[in-house]
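A, B, ... follow the sequence lines: proteins, then strands. Residue 1 opens every chain. Computation of the quantities below employed the complete heavy-atom set of this structure, encompassing side-chain atoms and omitting hydrogens, waters and symmetry-equivalent molecules.
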Amino acid sequence: MTGLPHPVQRPPVMARYNPKETEPKWRQAWADADAFKATVDPSRPKYYVLEMFPYPSGRLHMGHVRNYSLGDVVARFKRARGFSVLHPMGWDAFGLPAENAAMERGVDPRAWTYDNIERMRVELKQLGLAVDWSREFATCDVEYYGQQQALFLELYLRGLVYRREATVNWDPVDQTVLANEQVVDGRGWRSGAMVEKRKLAQWFLRITDYADQLVDDLQTLDRWPEKVRVMQENWIGRSKGLRFAFHFAGGPPEGFDAGLEVYTTRPDTLYGASFVGVAPDHPLAELAARSDPKAAAFIEKCRHGAVSEAEIETQEKEGYDTGLRVKHPFDPNWELPVWIANFILMDYGTGAIFACPAHDQRDLDFAHKYQLPVRPVVLPPGADPAACEVGDEAYVGPGTIFNSGFLDGLDVETAKARAIERIEGQGQGEGATVFRLRDWGVARQRGWGCPIPVVHCAKCGAVPLPKSALPVELPADLDFGRPGNALARHPTWKHTTCPDCGGPAERETDTLDTFVDSSWYFARFTDPTSPEPIDKAAADYWMPVDQYIGGVEHAVLHLLYARFVTKALADEGRLSVREPFAGLFTQGMVTHETYRRQSGEWLEPAEVEIVAEGKTRRAKLADSGEPVVIGDVEKMSKSKKNTVAPEEIFDVYGVDAARLFVLSDSPPERDVQWTSGGVQGAWRFVNRVWEEFDSQPAEGEPHSGAAVGDDAGALAIRRAAHRTVKAVTEAIETFHFNSGIARLYEFLNLLKGHPAKTASPGVLAARQEGLSAFARLIGPFTPHLAEECWSRIGGQGMVVAADWPAYDPALTEDASKVLPVQVNGKRRGEITAPAGAEPAEVEKIVLDDPEIARRLEGLTIRKVIVVKDRIVNIVAA
RNA sequence: GGGGACAUGGCGGAAUUGGUAGACGCAAGCGACUUAAAAUCGCUCGGGCUAGGCCCGUCCGGGUUCGAGUCCCGGUGUCCCCA
């Protein structure tokens with residue numbers, strides 16, 4: 001039985017490598033040399049590395065350590081490879097957490113945010129990132145959001161900004177609009193109040209104008225994860241179908257002279273129509289409510305129903321028959337009832353559908369509930385038309401159309417085209433592409449955000465401000481002490497004059513969604529002090545971002561908005577690229593085991609002692625010995641208390657060990673599980689590396705090693721060194737950092753086998769060559785240690801200024817290869833052959849081998865397969 | 001309901017993309033050093049057996065192939081996205 005130490009335990013005092021001394025020293029040296037300044041240098045290839053910028057929550061967590069360490073590996077590697085690198089850092093600084101802190105603790109959001117930035121900057125700098133800090137900015141800097149207001153006005157003038165009434169989720173307690181994701185079980189995520197649907201005038205960006213491009217250009221993003229491209233494509237949801245109008249039987253109701261317009265992706269199933277449905281907030285439903293109290297009551301009930309698409313899908317289907325009737329477009333004598341149904345979305349298509357229960361599950365559920373007809377019109381392959389019946393499941397597969405007049409006998413796709421042609425011929429509608437994507441509502445009723453640069457004038461309406469009136473600055477004395485929009489209730493701020501007529505006017509008090517802030521910051525980084533929002537020349541040099549790194553949770557919204565804004569800015573002539581991020585990497589989370597008392601109370605890792613008994617592990621409280629339940633491995637979170645504070649780890653093991661561990665333990669795209677043992681292993685490696693460098697005598701230093709040559713040892717070291725350079729280079733290029741670090745461990749193990757103190761001059765020279773490469777190879781992962789080691793063996797200048805080591809391909813291959821020999825696919829021995837030996841030559845060696853010959857006794861050789869430098873397989877019977 | 005990803009020792013994960021499965025690390029066991037512990041160093045570490053040689057083994061069941069962790073078909077499980 002062995003008790004493991006706490007996650008954060010003092011390292012042995014006798015350790016010779018002292019990160020507390022070396023790490024600050026090298027960070028200072030980099031700063032003094034301005035080593036990471038990004039410079040426009042047309043003579044060199046450029047490389048722009050960017051990690052999604054942090055929200056200044058106040059403290060660094062392990063997720064940050066991982067995210068920024070990953071980007072730092074790329075930045076340092078590309079710099080060493082001769083690229084002119086831009087690797088900036090900034091702050092996504094507007095948003096609700098600051099307002100919540102303000103309300104809870106009575107602090108000013110601005111002060112809270114900038115204090116947090118101060119603190120986090122210190123911690124991030126401690127990570128030793130190769131960042132050009134001279135470009136730092138926060139989105140809440142007036143220099144930034146003022147430029148954003150200028151861009152907003154440009155989009156306004158191009159017709160990409162508009163204002164309309166929209167149904168929103170309204171939290172009556174917090175007095176604000178909530179995004180769908182902020183509504184949980186019909187209640188506001190913060191207040192817990194029942195959310196209402198309200199109509200409010202809202203500002204929108206016309207992202208749907210770019211919907212086609214946003215889908216089509218996904219094809220060009222070949223360095224994006226396939227997963228993210230699929231998610232975006234689904235989110236945009238382009239579908240081709242038919243938009244057409246039903247004529248009313250017995251004359252149209254008021255305002256519906258043109259009929260009732262519906263949209264469908266299944267015009268082939270028109271003969272299966274059973275009823276027509278409209279959304280509860282459809283104008284026709286509202287019209288019906290005016291004369292029918294029951295309809296009004298039903299609509300009111302729907303208002304309190306589900307808000308997200310997924311919830312709408314799973315809730316009980318309900319409807320109300322308006323009594324209105326429409327005529328089937330292909331048969332004027334066929335009348336269909338018009339229902340108000342709670343599963344229809346006003347925002348998708350036209351907010352009205354025709355229902356074909358036999359071939360749509362939602363329609364079928366609805367039809368069953370209200371005893372509406374179910375008429376199959378698509379015959380599954382091989383089915384009998386006479387016996388075809390629909391049970392509880394709608395048939396949505398391919399098949400042959402039947403029961404459908406002129407469409408009979410056609411396949412689904414042909415029938416769709418034929419039905420669209422017929423409707424178009426009747427002048428009743430046309431084929432149309434519809435997107436699931438909706439315009440982007442960017443207005444937030446919040447005081448801690450970028451003010452929308454518009455005023456409302458009683459005479460002129462909503463008037464955009466002229467650029468000369470920018471920036472529209474947030475007042476310093478906002479009252480965040482209670483819920484609601486602090487900007488709207490400020491006593492004086494909103495009162496102004498109309499730029500058009502000079503009369504009294506009120507400023508728009510909504511601010512922009514923080515996703516707007518993050519939709520162009522990457523372009524601002526190319527010249528953050530430009531008087532223009534974006535300096536064209538700088539952007540032309542640096543854009544696009546060559547490698548963007550962040551969490552997959554932003555796969556849709558942030559990345560989609562940034563793509564849209566980039567395209568819009570390109571159309572304005574402000575950018576020359578149409579896609580912001582040429583390469584995207586989505587890294588996994590940092591996780592940790594969870595621990596609870598038997599009563600269920602969460603416990604921090606530091607309170608728990610792990611007891612290992614052979615292959616099983618148990619846990620108990622470190623002080624009392626009370627048994628502890630080991631729970632699942634989950635994302636580090638305060639609520640489950642399974643967090644480990646980076647600063648404590650830095651303090652005990654140094655920054656390099658922490659970086660090394662998060663980089664080495666798992667492939668970057670997967671979750672990494674933080675363990676105390678793991679970081680101790682990284683710490684051991686740091687020390688072993690230092691000892692290896694420290695044992696290498698400087699040139700001319702007295703040395704007790706053997707005077708005789710040891711060419712075999714020297715050659716082994718050189719080969720391993722060159723192989724390691726090749727492997728690590730390739731590993732970094734392909735984001736296989738964990739494998740690259742494993743190769744570094746291997747090389748160190750090999751060097752240990754040829755210690756300096758007993759080495760011949762030849763081995764010493766080979767070690768020197770190997771150590772020189774090694775110091776540079778570990779630079780991207782453990783940059784401080786790399787400098788200390790490089791300096792110890794007399795490297796010129798600093799590692800950050802040194803070239804990446806080159807390798808000699810001839811030295812990465814052994815002169816002879818050991819090839820396994822299989823007989824009928826089973827390993828039966830091995831032979832040694834010269835590298836690159838031709839099959840015939842290898843075959844001869846194999847057949848001359850006595851051991852192999854013994855294995856083949858009594859068998860007839862049918863075939864000998866030789867894979868060069870790899871394997872031999874003899875097929876024999 | 002649709003789509004996608006994944007499944008390898010006690011654990012995290014390697015495997016040159018069809019060619020010696022388990023690199024490297026963690027945990028564990030044994031040993032050395034030590035008054036002792038920690039640290040450090042060395043050895044062992046998928047399972048089985050008639051143990052210096054064989055057999056089995058990459059979630060399960062089939063298939064293709066000289067050869068399958070890798071490709072194909074079917075199933076199970078976990079996760080993600082969409083509905």
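Among the nucleotides B:A23, B:C26, B:G25, the one closest to any side-chain atom of A:Y745 is B:G25. For A:R827, counting side-chain heavy atoms from C-beta on, the closest listed nucleotide (B:U20, B:C66, B:A23) is B:U20. Distance from the side chain of A:I871 is smallest to B:G19 among B:A27, B:C81, B:G19. Of all nucleotides listed (B:C55, B:G25, B:A23), B:C55 comes nearest to the side chain of A:R828.
B:C66 and B:G13: their P atoms are spaced 35 Å apart (whole Å). Nucleotides B:G75 and B:C24 place their C1' atoms 35 Å apart, quoted to the nearest Å. The gap from the P atom of B:G10 to that of B:C45 amounts to 15 Å, rounded to the nearest Å. Using C1' as the reference atom, B:A15 and B:G22 are 8 Å apart when rounded to the nearest Å. Distance check on atom C1': B:U20 versus B:U70 gives 15 Å, rounded to whole Å. Spacing of P atoms, B:G42 relative to B:A27, comes out at 16 Å, to the nearest Å. For the P atom pair drawn from B:G9 and B:G57, the interatomic distance equals 14 Å after rounding to whole Å. Annotation: B:C55 and B:C59 have their P atoms spaced 22 Å apart (nearest Å).
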What would the secondary structure line of RNA chain B be in dot-bracket form, counting Watson-Crick and G-U wobble pairs under 3.5 Å, with [ ] for pairs that cross earlier ones and | for pairs with another strand? (((((((..(((......[....))).(((((.......))))).((((...))))..(((((..]....)))))))))))).
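In summary, the side chains of A:T208 and A:D439 do present a donor paired with an acceptor at a separation below 3.5 Å, with no hydrogens or angles considered. In the model, A:R66 has no side-chain atom that pairs as donor or acceptor with a side-chain atom of A:Q587 under 3.5 Å.
Inter-residue side-chain proximity for A:V65 and A:F661 is flagged as unmet; no heavy-atom pair is nearer than 4.5 Å. Residues A:V689 and A:L744 are not in side-chain contact: their nearest non-hydrogen atoms beyond the backbone lie 4.5 Å or more apart.
Contact of A:R870 with B:U16 (side chain to base): a donor-acceptor pair of N or O atoms is detected under 3.5 Å. Judged by distance alone, with hydrogens and angles left aside, A:N234 brings no side-chain donor or acceptor close enough to the base of B:C82 to form a pair under 3.5 Å.
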Listed pairs, N/O of protein and of nucleotides 11-15 of chain B, under 3.5 Å:
unit_1	atom_1	unit_2	atom_2	d
B:G12	O2'	A:D665	O	3.0
B:G12	O2'	A:D665	OD2	3.3
B:G12	O2'	A:S666	OG	2.9
B:G13	O3'	A:N738	ND2	3.4
B:A14	OP1	A:N738	ND2	3.4

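Using a cut-off of 4.0 Å between Lys/Arg side-chain N and Asp/Glu carboxylate O, A:K416 and A:E413 are scored as salt-bridged. A:K868 and A:E838 are joined by a salt bridge, as a carboxylate oxygen and a charged side-chain nitrogen come within less than 4.0 angstrom of each other. Between A:E692 and A:R688, no side-chain nitrogen of the basic residue sits less than 4.0 Å from a carboxylate oxygen of the acidic one, so the salt-bridge criterion is not met.
Phosphate proximity of B:U20 to A:N873: absent, as no side-chain N or O sits under 4.0 Å from OP1 or OP2. Residue A:K826 has no polar side-chain atom (N or O) positioned under 4.0 Å from OP1 or OP2 of B:G53.
Nearest-nucleotide assignment on RNA chain B puts the 5′-proximal partner with A:T675, out of A:G825 and A:T675. Checking A:I741 against A:Q822, the closest nucleotide of RNA chain B that is more toward the 5' end is the one next to A:Q822.
A:R229 comes within 4.0 angstrom of nothing in the nucleic acid, heavy atoms only. Using a 4.0 Å heavy-atom cutoff across all strands shown, A:V867 reaches at least one base atom of the nucleic acid.
In B:G46 the O4'-C1'-N dihedral to the base is more than 90° from 0, which defines an anti nucleotide. More than 90° away from 0 lies the glycosidic angle of B:U50, which makes this nucleotide anti. For B:A23, the glycosidic angle deviates from 0 by more than 90°, giving an anti base.
Regarding A:W235, its CH2 atom lies at a distance of 16 Å from the C1' atom of B:G3, rounded to whole Å. Rounded to a whole Å, the CD atom of A:Q680 is 10 Å from the P atom of B:C26. Distance A:F747 CZ to B:C24 P: 15 Å, rounded to the nearest Å. Protein atom NZ of A:K635 is 12 Å distant from nucleotide atom P of B:C80, rounded to whole Å. Between A:M231 atom CE and B:C79 atom P there is a gap of 16 Å when expressed in whole angstrom units. The distance between atom CZ of A:F685 and atom P of B:C41, rounded to the nearest whole Å, is 13 Å. The nearest whole Å value for the distance from the NZ atom in A:K817 to the C1' atom in B:U20 is 13 Å. Rounded to an integer number of Å, the gap from CG of A:D360 to P of B:G2 is 14 Å.
Looking only at distances, a side-chain donor or acceptor of A:N642 sits under 3.5 Å from a matching main-chain atom of A:S637. Under the 3.5 Å distance criterion, the side-chain polar atoms of A:D671 are left unmatched by any main-chain donor or acceptor of A:V590.
In the displayed structure, A:K635 atom NZ is contacted under 6.0 Å by at most 12 heavy atoms of other residues, nucleotides or ligands. No more than 12 heavy atoms of other residues, nucleotides or ligands sit less than 6.0 Å from atom NZ of A:K844.
Nearest heavy-atom pair across A:D632 and A:T594 is O-OG1, 2.8 Å.
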